[in-house]
Amino acid sequence: MGTVEDEIKPLGEASSQTAIEQLLPFERLLSEISAGLILASPATVQQHLRAGLRRLAEFFDVDRTVLWEQSADHQELLERESYTRPGTRLDLREGPARMNLPWWRLRMLRGELIRFSTLTDLPPEASHVRAFAERVGLRSYLSVPISIQSKHRHHLVLASFRQERVWPDALIPRLRLLGEMFAGALERVRIEQALRQSELRYREVFELTSDCIFLLDVTPDLRFVVTRFNPAEEQTVGLYGVEGRFLDELLPQSLTRTLYANFRRCIESGASFSYEEALPLPIGVRYFHTTLIPVKDATGRTHRIVGIAHHITERVEAEQTAHLLADASRILAESLDYQTTLAQVARLAVPVLADWCVVDILEHGTCHRIAGAHVDPSKELLLQVLAERYPVDAVASQPASQVLRTGQALLLANTPEDVLRAHTRDAAHATLIRMLGCLSLMAVPLMARGRMLGVLTLVSSQPGRHYGPTALHHAQDLAHRIGLALDNARLYREAQESIRLRDEFLSIASHELRTPITSLNLATQALLDPQLQPSPEKLHRTLRLVRRQIDRLTRLIEEILTVSRIQGEHLELHREEVDLISVVRAVVARLEGDLARAGCELQLRLDTAGPVIGRWDRSRLDEVVTNLLTNAIKFGAGKLITLELEAVGDVARLIVSDRGIGIAPERLPHIFERFERAVSSKHYGGLGLGLYIVREIVEALGGSVRAESYLGFGSTFTVELPLRPWEQAGPHHADVH
Ligand code: ADP
């Protein structure tokens, strides 16, 4: 029985048997090779191809089998795989792939069949092919063009070197089939490679992009399963290992309600759409510009949604901060009542800059919590507890205290246990802070014109919000605006206060001036009354009264004049050698009558051997002693007054003490200020200028004055003057000689 092998008989043994059943062994070979190729993995296809070509050569007993492939531009021929029977003498430096065989090459590139059983079959124009074949010993040749998807790109070649062969027509389609299998397998490898490449590229985009990409499968009951979720998304939203899970199982209902509304809109419209959204995620609020793309199945149903969410939190937060700062400035400028405005500003700062914040203001050396706000209103009570239990002062360990001490902003990007412990006073304090929530913190000084006015503390409790330089910059900007507002409010308060004091002064001054004038009026009227004939004693008494009232008027006017000179910086000092003892004695002598009338005993203690001499201004010192002594008489409640004078080292010290009404502690720091009075004008006269004048004069002479007083127990005023003031030129010297 004939076989295909019989078909490719050596020339001269040609047979006419071409029946299909004779091709059976070849069919078996074909199916074996094709099964091997189909099952081959991309990595082993080449190996299968090589084995297939070997088996083909062995089956037909030819010397060489080759699978050629054209390059993508159809200009080159590339040997994809070949088999050469061992022992075949083959010079491959030449061949159809080489440029010097145009007849051959052209036919192959055109996808034509080439067949010669003997070299004589070659047409005359292929003489160089013949020459080549003779040179290399090629006797018979068959090249079958293979087309895949109607493109000729391959050739399956059988070449015989040992003998001439017949290549019957019936063989061609079978070889073509085999060639198609070879080429198909190669194509499959190529496609798989291309797929892998594209998958790789897609993976790179998917995994490396900073945008969030997610794929959601839509269930028939309109729930959404996360099928893909890129790493950027995991980081940005703080959700990990979510693939394969329902969104509504991963996120709170408040969140899925908004998300699902947009997904449904995408499904209903069947079209892509973009929008901006704020998502309150467990790690904090995140802002996105999101595009949803519906993916439809064959029935037109949207079975999947592709989402691309561009993270815009930074941009949105920058915008929000800019708005916050503008709003804060507007609110702070609207009113000078900073208690109210700061409460509003604290509320604005939450949640844009912080989850909770507090403002502490420094007033008269103590810090007061003036405002506090928490993103969770239920925790505002805790803020109050914090303010009451742990007030800010300059010695404590809490951040605001540190800022008060150093004047520098403090940034705690993270607050692990040890950091929190270092910035709290005790365990209960740390617990309170943890309850309020504290993962990151900033405390910034509120300053204006170089003065520390308070501290603004901003705290984040969101895992996704850790403060850094940008946030600190924003906090400082806000603090700067608050500082300015506080300074304005203070200036305004001071202006109001000085207006009030001035008005009060005017009314008191007119009253003070009117009293002696009334008394003078009455006295002189009595003297001038022709009906009354005053006795010489009565006349003398009245004249003494007139004298006293004139003295009083003169003192008042002197006081006002001195103050106006001090204000105009014209307090002239006439320095000369002055014995303070003689000044004291002169004043005491002058005020003897007042002392007696007030029922005060004066004890003079002049603890010094000789005179106490300095280069001072006699009349100004007289004013100082007079003011202190008249105050002691006025407020001395008729009790003992002591006046001590001593010279210690380079200092002359004058101490005036009384056991009178004393001064309330809150008034004490202010009594040396202009127009300051610590008593009601109903009970005590005086312009509130005496002590102001005392301080101005003493300081102009290079000295100092201080007061010590206990309400109901009396007051002590101590004046210290340098005995050699010329050696201590200071800024207060308005020395005129
Ligand atoms: P005035 O002329 O009104 O006495 P001063 O400047 O001398 O003004 O004193 C300011 C205020 O200080 C007084 O109004 C009074 O309340 C308080 N003060 C001054 N000296 C004494 C004192 N010795 N005892 C009690 N209070 C005093």
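First listed ligand is number 1; within each ligand, the first listed atom is number 1. Computed from heavy atoms alone, side chains included, the values below leave out hydrogens, waters and symmetry copies.
Ligand 1 does not have G660 within reach: every non-hydrogen atom of the residue lies 4.0 Å or more from it. The shortest heavy-atom distance from N627 to ligand 1 is not under 4.0 Å. Proximity of F672 to ligand 1 is not established, as no heavy-atom distance is less than 4.0 Å.
Nearest protein neighbour of atom 26 (N) of ligand 1, counting heavy atoms only, is I663 CG1, 3.3 Å. Here the heavy atom of the protein found nearest to atom 23 (N) of ligand 1 is D658 OD2, 2.8 Å. Among protein heavy atoms, the minimum distance from atom 10 (C) of ligand 1 is reached at E676 O, 3.2 Å. For atom 15 (C) of ligand 1, the nearest non-hydrogen atom of the protein is F635 CZ, 3.5 Å.
Taking the six-membered ring for Trp and thresholds of 30 and 60 degrees, F672 and F717 have ring planes more than 60 degrees apart, a perpendicular arrangement.
Summarising the geometry, atom CG belonging to L645 is positioned 9.0 Å from atom CD1 belonging to I655; distances are rounded to the nearest 0.5 Å. If you take CZ on R695 and CG on L691, they are separated by 10.0 Å, rounding to the nearest 0.5 Å.
For ligand 1, the polar-atom distance check against I661 finds no nitrogen or oxygen pair separated by under 3.5 Å. Checking only distances, L691 does come within under 3.5 Å of ligand 1, N or O to N or O. Residue-to-ligand polar distances place N631 within reach of ligand 1: an N/O pair is separated by less than 3.5 Å.
Counting heavy atoms only, R677 comes closest to atom 14 (O) of ligand 1 of the residues R677, K634, R659. The residue among A707, G688, A664 with a heavy atom at the shortest distance from atom 8 (O) of ligand 1 is G688.
N627 contributes a side-chain N or O that, together with a main-chain N or O of E623, makes up a donor-acceptor pair within less than 3.5 Å.
Atoms of ligand 1 lying under 4.0 Å from at least one heavy atom of G686, given by number and element, are 1 (P), 2 (O), 3 (O). Listed by number with element, the atoms of ligand 1 under 4.0 Å from a non-hydrogen atom of A678 are 11 (C), 13 (C), 14 (O), 15 (C), 16 (O). Counting atoms of ligand 1 from 1 in the listed order, those under 4.0 Å from a heavy atom of L689 are 6 (O), 8 (O). Atom numbering of ligand 1 starts at 1 in the shown order; those under 4.0 Å from a heavy atom of V679 are 14 (O), 16 (O). Less than 4.0 angstrom separates some heavy atom of I671 from each of these atoms of ligand 1: 12 (O).
Pairing each heavy atom of L420 with each of A430, the nearest pair is CD2-O, 3.9 Å. Minimum interatomic distance between D658 and A632 (heavy atoms only, all atoms of both residues): OD2-CA, 3.8 Å.
Between the side chains of S519 and R552, no donor-acceptor pair is found at a separation under 3.5 Å. A donor-acceptor pair shorter than 3.5 Å can be found between the side chains of D426 and Y390. Under 3.5 Å, the side chains of S335 and D337 contain no donor-acceptor pair of N or O atoms.
Salt bridge annotation for D622-R590: present, with a cationic side-chain nitrogen under 4.0 angstrom from a carboxylate oxygen.
Within the 4.0 Å heavy-atom criterion, neither part of Y684 lies near ligand 1.
Counting heavy-atom neighbours within 6.0 Å of H540 NE2, excluding the residue itself, gives a total of 12 or less.
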